[in-house]
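Notes to accompany the following structure.
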Protein chains: 2
Amino acid sequence: MIDKKNEPGDTSLQPLEKISMTDRVESRLGEYFKSQGLVPGDPIPKELEIAEALGVSRNVVREALSRFKMLGMIETKKRRGMVMTQPDILNSLERVLDPYLLDSHARKEIFELRLVLEMGLSHLLFARIRKEHIAELEEIVQRELNAKSVKERVQCDIDFHATLYKIAGNDILRRFQKLLLPVFDYELSYELKLKDKVSQGKVTHQGLLRILQTGTPQEFESAMYEHLKPHFDTIS
Amino acid sequence: MIDKKNEPGDTSLQPLEKISMTDRVESRLGEYFKSQGLVPGDPIPKELEIAEALGVSRNVVREALSRFKMLGMIETKKRRGMVMTQPDILNSLERVLDPYLLDSHARKEIFELRLVLEMGLSHLLFARIRKEHIAELEEIVQRELNAKSVKERVQCDIDFHATLYKIAGNDILRRFQKLLLPVFDYELSYELKLKDKVSQGKVTHQGLLRILQTGTPQEFESAMYEHLKPHFDTIS
DNA sequence: TTGGTTATATTTGTACTACATTAGTACTTA
DNA sequence: TAAGTACTAATGTAGTACAAATATAACCAA
């Protein structure tokens, strides 16, 4: 997607990137954490010690540390110093997944990622679905059938698929989907502008639900493919 | 995974988190970028302007900006100021996906994510596979059959699956998998310690390859499930 | 001794100043 | 016109100072 600069075969003259002290201190600290095998809870050196050891100002060190703090990799307590913490891996993604900041290629790939995820969910779904989940999906399908506006229908679409992720019972996956939503939404509204209507696959939500109740994971996977295929075709 | 603090129903007394100025400035800037609808290339205010506008020191502003720089959301040029850039969404993930920093629950969920991805890949694979890919997979399978040590076999396993991602032709997916690899590896070596041998599914790489040549996406998806099922069972 | 209070020291958080470095801009000069 | 020069505006780095929080030590009283 990005990083075209560093593609192996690229011989064009790119402006040589000058890494700042902060960048260097950051990567140096990252190496240090790994080489020391630090795990959450372990203390790390004081700001001044680091600054002195690396021969830079405390200012620079703090800018680097600030980055690790944002990632949730370290936490600070006054007088006690800093300790490693368990980062929330999706926290940083959140800040970056703004569709307006992504180019169309990246958006396409992310949309494709969605398709892959939802097709891959099938086995997990069948393994973990409960009666109350079925009821929840029923409700959404009903709501969709009664929907008056496009906006309403789109909301039902979002709800239906979000519920699937919930059923899968994997927190990271669920949150991941939630983060990706704005990107999907962006592509959908783009599609809407382009074709003046949201594509409707051969298989409806109702069809998917029926398969969940009485079908097999294989059937579901194929059905999901058919369900999403129109979007798939639009973006590629 | 984390963030248990902010679960809705939690009434336990958590230490009230004191957000630093840097945190506040960061989120304030994030809001600003979005509200202004800034896209890559657009300039943003000068450090001093921001500091003055928010009533904080330039120091704090720089710590917040440093975070955005790390995410690749802004770039700075001396004398010219700063401009929005297109972030590389996986860049930040890279720093955080250290298996030693993740707890077992997070690792399990990530491993599960892998299963979902690889099962979901099937349609993409069939749509994009080329002859040279088949040859590449053939070579890996051969290498695996001739492998002497466990280490060698594990490497073949990694190569085979990595090649699948490559065939899928989605850069983000491919890089995503590459990032997840250390986590998989960690789980695998854990499994190895536990059971003294790597689980072997009913379907081998050779079997998967055969299906890729003459089978259907549905068959492949099921086969992949069988192939990965042992790991699946081990972690859950 | 026990319990509680106070003092002290350490470490992070914020602010401010100063100067280096880079790179546009305008002006000068041949 | 073209090259060079001085100027200027912005970020990058360093250093100092002090505020705020808090673990630890010292102290005092029952």
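Note that this is a predicted model, so its numbers are computed, not measured.
Across the protein-nucleic acid pair, B:Met82 atom CE and D:dG12 atom C1' stand 12 Å apart, rounded to whole Å. Between the P atom of D:dA10 and the CD1 atom of B:Ile74 lies a distance of 16 Å, rounded to the nearest Å. A:Glu63 has its CD atom 9 Å from the C1' atom of D:dT13, to the nearest Å. Rounded to a whole Å, the NZ atom of B:Lys77 is 25 Å from the P atom of D:dT8. In this entry the distance linking CG of B:Leu48 with P of D:dA10 reads 9 Å, nearest Å. Counting to the nearest Å, the P atom of C:dA15 and the CZ atom of B:Arg24 are 10 Å from each other. Taking atom CG on A:Asn59 and atom P on D:dG12, their separation rounds to 12 Å, with Å as the unit. Between A:Ile19 atom CD1 and D:dG12 atom C1' the separation is 14 Å, expressed in whole Å.
Within the 4.0 Å cut-off from OP1 or OP2 of D:dG12, not a single side-chain nitrogen or oxygen of A:Thr22 is found. OP1 or OP2 of C:dG13 has at least one side-chain nitrogen or oxygen of A:Arg62 nearer than 4.0 Å. Taking 4.0 angstrom as the limit, B:Ser57 places none of its side-chain polar atoms (N or O) nearer than this to OP1 or OP2 of C:dT14. OP1 or OP2 of C:dG13 has at least one side-chain nitrogen or oxygen of A:Lys69 nearer than 4.0 Å. Neither OP1 nor OP2 of D:dT8 sits under 4.0 Å from any side-chain N or O of B:Lys78. Note on B:Thr76: a side-chain N or O is less than 4.0 Å away from OP1 or OP2 of D:dG12. The side chain of B:Lys18 contributes no N or O atom lying less than 4.0 Å from OP1 or OP2 of C:dT12. Between A:Arg79 and C:dT12 there is no side-chain N or O to OP1 or OP2 distance below 4.0 Å.
Taking the six-membered ring for Trp and thresholds of 30 and 60 degrees, B:Phe111 and B:His231 have ring planes more than 60 degrees apart, a perpendicular arrangement.
Proximity of a side-chain donor or acceptor of A:Thr163 to a complementary backbone N or O of A:Asp159 within less than 3.5 Å is detected. Under the 3.5 Å distance criterion, the side-chain polar atoms of A:Glu187 are left unmatched by any main-chain donor or acceptor of A:Arg107.
Between the base of C:dG13 and the side chain of A:Arg58 there is a donor-acceptor pair shorter than 3.5 Å.
The environment of B:Glu52 atom CD is sparse: at most 12 non-hydrogen atoms of other residues, nucleotides or ligands sit within 6.0 angstrom.
Results of the side chain to side chain contact (heavy atoms under 4.5 Å, CB included) test with B:Met224 over B:Leu121, B:Leu164, B:Leu125 single out B:Leu164 as the only residue that passes.
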